[in-house]
Peer 1: 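Take this structure, written in structure tokens, and hold onto it; I'll ask about it next.
Heads up: numbering here begins at 1 and tracks the sequence. No experiment lies behind these values; they were computed from the predicted model shown.
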Amino acid sequence: MSSSPIVELLGSPQVVVGFGATTLVLLATTFFYLKKNNEGSNGRGAASSSSALEKAEELDSEKYPGGHLTIYYGSQTGTAQMFAKQIASESESRGFRSRVVDIQDVVDNEDLRAVSEIATLDASASKNKINVVNDEDGSLIRATLTHPHYREGNVVEGRSRAIFLVATYGEGEPTDNAQQFVEMMKSKSGIRDIYNLEDSGLISVDSCVRMGVEVEEEDGEEEKKNDSGSSSNDMILDSRSFLSDLDYAVFGLGNKQYEHYNNMSRFMDASLAKCGASRIAPLGLGDDDDDLEGDFENWKDNVLWPALTEKFVKGGAADALAAARKNNDVLELPDCPYEVEYLEDGASRKVDLDMIQTSSKHYMQAWDCPIVASRELRDPSDPGSTVHMEIDISKHMSSLKYQTADNLGILPKNDSALVELVAKSLSFDLDQLFHLTPSAGETATKHTLPFPTPCTVRDCLERYCDLTGSPRRSDLKQLAPYARDEMDRKALLRMSSKEGKAEYKEKIVEGHVGIGDIVTRLCPSIVCPLEHFIMVCPRLQPRYYTISSSSTVHPKTIHITYALLESEQKDGGKFTGLCSGYLSSLSKGDMVRVFVRDSTFRLPKQPERPIIMIGPGTGIAPMRALLQERAYERKSIGDVQGPNILYFGCKNRSLDYIYRDELEAFSNDGTMTELHLAFSREQAEKVYVQHLLAQRGAETWKLIDDGKASIFVCGAVKMGADVDHTLQDIMVQHGGMSREKAKAYLGKLQTAGRFVQELWS
């Protein structure tokens with residue numbers, strides 16, 4: 001990893017962190033002037049800092065009466081990024097000049113000129129008792145969010161405006177590209193517990209601040225001083241004015257099946273307000289369990305644009321823009337941000353990894369590893385399939401080193417027969433090597449390209465394009481202009497519309513129709529150049545499996561446990577899950593492309609503390625890994641351990657009681673203290689793991705309260721919610737808590753790492 005210019009100047013990252021705000025700004029300014037002398041006649045580089053502050057980037061006021069608009073996205077699978085691009089594509093017709101920014105770029109910002117200019121602006125404004133920017137994190141955030149060149153009005157007293165599209169990942173966590181920014185905002189806003197925003201009293205305090213009501217210190221609380229000598233009250237004022245020149249709106253992407261629904265967007269909205277930014281539109285929440293795209297469209301069309309128009313597009317400009325939109329119904333090919341350069345055999349191009357989008361970084365982190373074992377875990381009489389697979393990582397130990405019960409990301413490949421059909425339908429040469437670059441009209445900035453090239457067209461379709469997943473309605477709308485047949489075009493537009501949601505759900509989602517089916521079978525008149533197909537087709541995402549092996553016991557292999565996903569379709573065909581189907585087609589010796597990602601499963605540092613494990617079905621995977629680790633610690637190290645208690649469930653002990661021999665061995669050798677089994681189909685009334693947990697409520701509460709037990713849960717979201725509710729019942733009944741306090745108690749356990757859930761929908 002290359003260091004930033006200022007770090008190179010100072011010689012050590014630790015030195016940079018140690019400097020105060022004033023020193024950092026002076027160094028940044030000094031570095032800018034040193035660098036300026038080497039930039040010759042370059043207009044932008046030769047401009048002095050003071051002249052740059054005279055005015056922001058000038059815009060055509062007739063074309064862009066609303067001014068600048070920056071759209072930030074925090075995305076794991078690319079959906080938030082897609083939504084950001086939708087807003088950007090509409091912004092000109094609404095009177096705004098927009099730019100789309102990966103939220104990781106806020107952290108990676110090395111624009112020392114912007115840092116210096118922001119410091120000068122803050123000093124000029126002199127609105128606050130202390131400097132607005134008091135650390136390196138603050139400098140980075142303000143240098144991007146309130147960049148001088150994207151302000152409106154007088155650059156010193158002007159304002160910036162930003163839209164945040166933020167996905168929540170897993171159990172209320174930030175996406176990979178938003179993690180560092182979230183940590184910065186936690187620090188700057190003072191919000192420590194991101195899972196209990198309302199319980200922390202944040203909203204009421206913010207309401208007081210917005211209404212100008214003073215918040216008094218609690219009686220007897222002595223004013224505290226920080227290391228620089230500023231009082232805690234000064235620091236609060238700094239936090240509340242930190243982004244006081246920013247107008248913002250937030251839309252969140254979440255799933256109501258998960259407990260911490262849209263947690264990251266709620267945090268983003270609250271932390272920005274806490275730092276003094278002004279909300280210009282209500283927080284929008286999208287539910288992927290229902291109609292995420294519909295929620296986004298409703299917020300965008302009925303909340304965001306009306307709010308932006310009312311506030312920033314003045315006079316008759318709004319009416320003129322609305323009339324122009326109404327008259328512009330011509331269906332045109334969309335602009336493409338990419339260009340394809342076809343290469344001759346043997347030609348090469350350098351792969352610039354900084355150009356790859358952060359949501360695609362897994363493509364560069366994965367390695368091909370051989371499968372060394374694969375066996376069926378269910379009884380042959382069971383129609384389903386659950387497979388134990390072992391993957392040899394010995395040749396990539398430095399890159400694939402893992403901890404017990406981490407996650408393994410697997411990059412599946414599309415079926416070769418489907419790839420051949422798609423290439424034939426679109427007249428692609430599968431063996432052609434190509435290089436992807438930003439188009440001539442695009443700025444070649446970081447995180448512009450969707451995957452690394454050069455590669456062949458076959459690799460592109462097999463590894464990077466999601467040909468089988470159901471496309472979103474907006475994808476169908478993007479495909480429509482490429483259909484030469486009017487019937488095909490109308491069908492795509494109809495299902496992409498709000499009025500066509502029911503048809504879309506029935507024919508596309510429930511029918512398991514992917515873009516591969518559309519271009520080869522349903523709308524064969526589609527003609528689409530490769531670069532446009534790359535733009536329209538969603539990226540093929542990795543699938544994550546919780547590792548079912550201990551890294552201590554099996555350091556050179558990774559074990560996973562997966563169930564083959566199959567279902568009957570209405571037309572009589574069979575749907576097979578992409579990744580599980582791909583894995584089931586592989587044999588011993590075949591290669592699979594994988595990478596390791598941290599999980600939240602971690603054994604307590606005090607081995608004498610109990611662990612309660614709840615993992616029905618393939619949720620047993622991390623529990624198997626933890627038991628292997630505990631067995632090793634007990635036998636090889638001689639640790640004195642607390643109880644190891646497992647709740648496992650399946651349909652029938654004779655059909656799908658997976659890892660039965662191993663679990664019984666753990667019981668027999670003393671590793672597992674208690675094994676509770678729920679066989680849901682062996683009696684008239686179904687019994688699940690949460691029922692067995694409830695039966696042992698008193699013992700469970702004693703383990704949690706007295707023994708400081710850790711609770712690990714893995715499996716389906718519905719099961720996780722039932723277990724969560726059962727634990728609350730136990731705390732109410734045996735802990736003497738109210739329902740609200742029981743829920744808060746579980747939240748505290750989660751924050752402390754003692755209540756860990758990894759669930760899937």
Peer 1: Quick one about S474 and E293 (side-chain donor to acceptor, distance below 3.5 Å, no hydrogens or angles considered), yes or no?
Peer 2: yes

Peer 1: So, Y363 versus Y464, ring centres under 6.0 angstrom or not?
Peer 2: yes

Peer 1: Tell me, please, which residues at least two apart from D429 pass side-chain hydrogen bond (donor to acceptor under 3.5 Å, both in side chains).
Peer 2: none

Peer 1: As a test of understanding, state which of L292, V509, I508 forms a side-chain contact (heavy atoms from CB on, under 4.5 Å) with R472.
Peer 2: L292

Peer 1: S551 side chain to T404 main-chain N or O, any donor-acceptor pair under 3.5 Å?
Peer 2: yes

Peer 1: For the residue pair F164 and Y72, categorise the inter-ring angle as parallel (less than 30°), tilted (30 to 60°) or perpendicular (more than 60°).
Peer 2: parallel

Peer 1: Donor-acceptor pair, S399 side chain versus H396 backbone, under 3.5 Å?
Peer 2: no

Peer 1: Is there a donor-acceptor pair closer than 3.5 Å between any side-chain N or O of T561 and the backbone N or O of T618?
Peer 2: no

Peer 1: Is any side-chain heavy atom of I410 less than 4.5 Å from a side-chain heavy atom of Y562?
Peer 2: no

Peer 1: Can any side-chain N or O of T168 pair as donor or acceptor with the backbone N or O of N263 at less than 3.5 Å?
Peer 2: yes

Peer 1: I'd like to know if the side chain of S359 pairs up with that of S75 as donor and acceptor (distance under 3.5 Å, no hydrogens or angles considered).
Peer 2: no

Peer 1: Check D176 against Q104 and note the closest heavy-atom contact, atom names and distance.
Peer 2: O-OE1, 4.2 Å

Peer 1: Could you tell me if K256 sits above the aromatic ring of Y261, with its cationic atom closer than 6.0 Å to the ring centre and no more than 45 degrees from the axis?
Peer 2: yes

Peer 1: Taking E462 for the side chain and N414 for the main chain, is one N or O donor matched with an acceptor at less than 3.5 Å?
Peer 2: no

Peer 1: With respect to F434, which candidate in D459, L343, V457 satisfies the side-chain contact (heavy atoms from CB on, under 4.5 Å) definition?
Peer 2: V457

Peer 1: Give the ring-plane orientation class for H362 versus F595, where under 30° counts as parallel, over 60° as perpendicular and anything between as tilted.
Peer 2: parallel

Peer 1: Could you tell me which residues satisfy salt bridge (charged side-chain N to carboxylate O under 4.0 Å, His left out) with E171, sequence neighbours excluded, listed by chain and number?
Peer 2: none

Peer 1: Would a distance-only check, ignoring hydrogens and angles, find a side-chain to backbone donor-acceptor pair under 3.5 Å from W299 to P282?
Peer 2: yes

Peer 1: Test the R463-F451 pair against the cation-pi criterion, namely NZ or CZ under 6.0 angstrom from the six-membered ring centroid and within 45° of the ring axis.
Peer 2: no

Peer 1: Report the C-alpha distance between D193 and K186 in whole Å, list the side-chain angles of each, state the deciding distance to 0.1 Å, and finish with yes or no for salt bridge (charged side-chain N to carboxylate O under 4.0 Å, His left out).
Peer 2: CA-CA 9 Å; D193 187 354; K186 283 169 65 177; over 6 Å; no

Peer 1: Can you classify the ring geometry of F575 versus H512 as parallel (below 30°), tilted (30 to 60°) or perpendicular (above 60°)?
Peer 2: parallel

Peer 1: I would like to know whether Y258 and D289 meet side-chain hydrogen bond (donor to acceptor under 3.5 Å, both in side chains); could you show each step before the answer?
Peer 2: CA-CA 10 Å; Y258 292 86; D289 190 43; over 6 Å; no

Peer 1: Are E758 and T546 linked by a side-chain donor-acceptor pair shorter than 3.5 Å?
Peer 2: yes

Peer 1: Can you see whether N177 engages Y73 through a side-chain donor-acceptor pair at a distance of less than 3.5 angstrom?
Peer 2: no

Peer 1: When you measure from the side chain of R543 to the backbone of L408, do you find a donor-acceptor pair of N or O atoms at a distance under 3.5 Å?
Peer 2: no

Peer 1: Compute whether any side-chain donor of one residue and acceptor of the other, for Y402 and S549, lie under 3.5 angstrom apart.
Peer 2: yes

Peer 1: Between P174 and V182, which heavy-atom pair has the shortest distance, and what is it?
Peer 2: CB-CG2, 3.8 Å

Peer 1: Run the salt-bridge test on K300 and E297 with the 4.0 Å N-O cut-off and return the result as yes or no.
Peer 2: no

Peer 1: Between F83 and F296, what is the ring plane arrangement, given parallel below 30°, perpendicular above 60°, and tilted in between?
Peer 2: parallel

Peer 1: For S599, is there any backbone N or O sitting under 3.5 Å from a side-chain donor or acceptor partner on D406?
Peer 2: yes

